[in-house]
Amino acid sequence: MIKAFQMKLFPGMEEEYTRRHNELWPEMREMIHAHGGHNYSIYLDRETNVLYGYIEIEDEALWAKSADTPINRKWWDYMADIMKVNPDNSPVSVDLVKVFHLD
């Protein structure tokens with residue numbers, strides 16, 4: 001299953017966002033894989049500061065459980081100063097609807 005979503009980066013935070021993801025904590029990487037996430041990419045539209053995420057997941061229910069892991073909550077707190085977040089520091093995220101696919 002493929003999930004695609006968008007998030008919003010604060011202006012001027014592109015380099016910091018990239019740096020933090022280039023230094024992704026090993027335990028965060030392990031949690032993503034343990035919850036069935038693979039082939040994860042995030043793209044930035046520099047004109048709008050909108051981030052577009054793409055991840056392949058094995059199971060929707062298993063993936064949903066990743067949000068409540070301590071390492072994920074720690075990551076959300078770590079990222080909250082550079083992007084738009086909800087009151088619990090989870091990223092404001094909007095699921096995208098697939099309208100076309102070509103193999």
Side-chain angles (χ1 to χ4, degrees):
M1 169 181 231
I2 296 171
K3 292 188 72 64
F5 52 93
Q6 72 176 36
M7 300 174 290
K8 182 77 171 179
L9 189 62
F10 292 146
M13 292 292 121
E14 177 184 349
E15 286 184 29
E16 182 61 16
Y17 186 90
T18 300
R19 184 190 68 77
R20 291 182 190 187
H21 280 78
N22 285 340
E23 298 173 359
L24 187 67
W25 307 328
E27 58 270 32
M28 187 64 176
R29 183 184 321 269
E30 291 167 11
M31 183 281 297
I32 290 169
H33 290 154
H35 285 83
H38 306 280
N39 202 24
Y40 191 2
S41 298
I42 301 172
Y43 299 87
L44 173 66
D45 178 341
R46 288 187 172 126
E47 290 183 17
T48 64
N49 286 324
V50 172
L51 298 159
Y52 294 94
Y54 168 100
I55 189 166
E56 296 173 10
I57 61 170
E58 296 170 9
D59 178 83
E60 185 74 39
L62 177 61
W63 180 250
K65 291 178 184 178
S66 70
D68 289 324
T69 61
I71 191 61
N72 195 60
R73 295 290 177 159
K74 183 178 176 182
W75 183 260
W76 286 352
D77 293 344
Y78 178 55
M79 299 300 289
D81 64 324
I82 64 171
M83 62 189 305
K84 190 172 180 181
V85 296
N86 295 303
D88 67 353
N89 281 346
S90 63
V92 172
S93 178
V94 177
D95 287 339
L96 300 175
V97 176
K98 179 170 45 173
V99 295
F100 177 76
H101 174 80
L102 176 68
D103 281 328

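Throughout, numbering of the chain's residues begins at 1 and tracks the sequence. Side chains included, hydrogens not; waters and symmetry mates left out as well; all remaining heavy atoms used.
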Would you call [X] and [Y] a side-chain contact if the rule is heavy atoms closer than 4.5 Å?
| X | Y | value |
| --- | --- | --- |
| Val92 | Lys8 | no |
| His21 | Met79 | yes |
| Leu24 | Trp75 | yes |
| Glu30 | His33 | no |
| Trp63 | Met1 | no |
| Tyr78 | Asn89 | no |
| Tyr17 | Met7 | yes |

Side-chain (Asn86) to main-chain (Asp88) donor-acceptor, under 3.5 angstrom: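 The answer is no, because no donor-acceptor pair under 3.5 Å joins these two groups.
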Within 6.0 Å of CZ in Arg46, more than 12 heavy atoms from elsewhere: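 Counting other residues, nucleotides and ligands, CZ of Arg46 stays at 12 neighbours or fewer.
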Crowding at CD, Glu60 (>12 non-hydrogen neighbours, <6.0 Å):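 Buried by this count: over 12 neighbours within 6.0 Å.
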With Arg20 via side chain to side chain donor-acceptor pair (under 3.5 Å) - residues at least two apart: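 Side chain to side chain donor-acceptor pair (under 3.5 Å) list for Arg20, sorted by chain: Glu16, Asp81.
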With sequence neighbours excluded, residues passing side chain to side chain donor-acceptor pair (under 3.5 Å) with Asn22: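 If we apply the side chain to side chain donor-acceptor pair (under 3.5 Å) test to Asn22, skipping adjacent residues, there are no hits.
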Shortest non-hydrogen contact between Ala80 and Phe10, atoms and distance: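 Here Ala80 and Phe10 meet closest at O-CE1, 4.1 Å.
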Minimum heavy-atom distance Leu62-His35, with the two atoms named: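 Distance-wise, the nearest heavy atoms are O-CD2, 3.3 Å.
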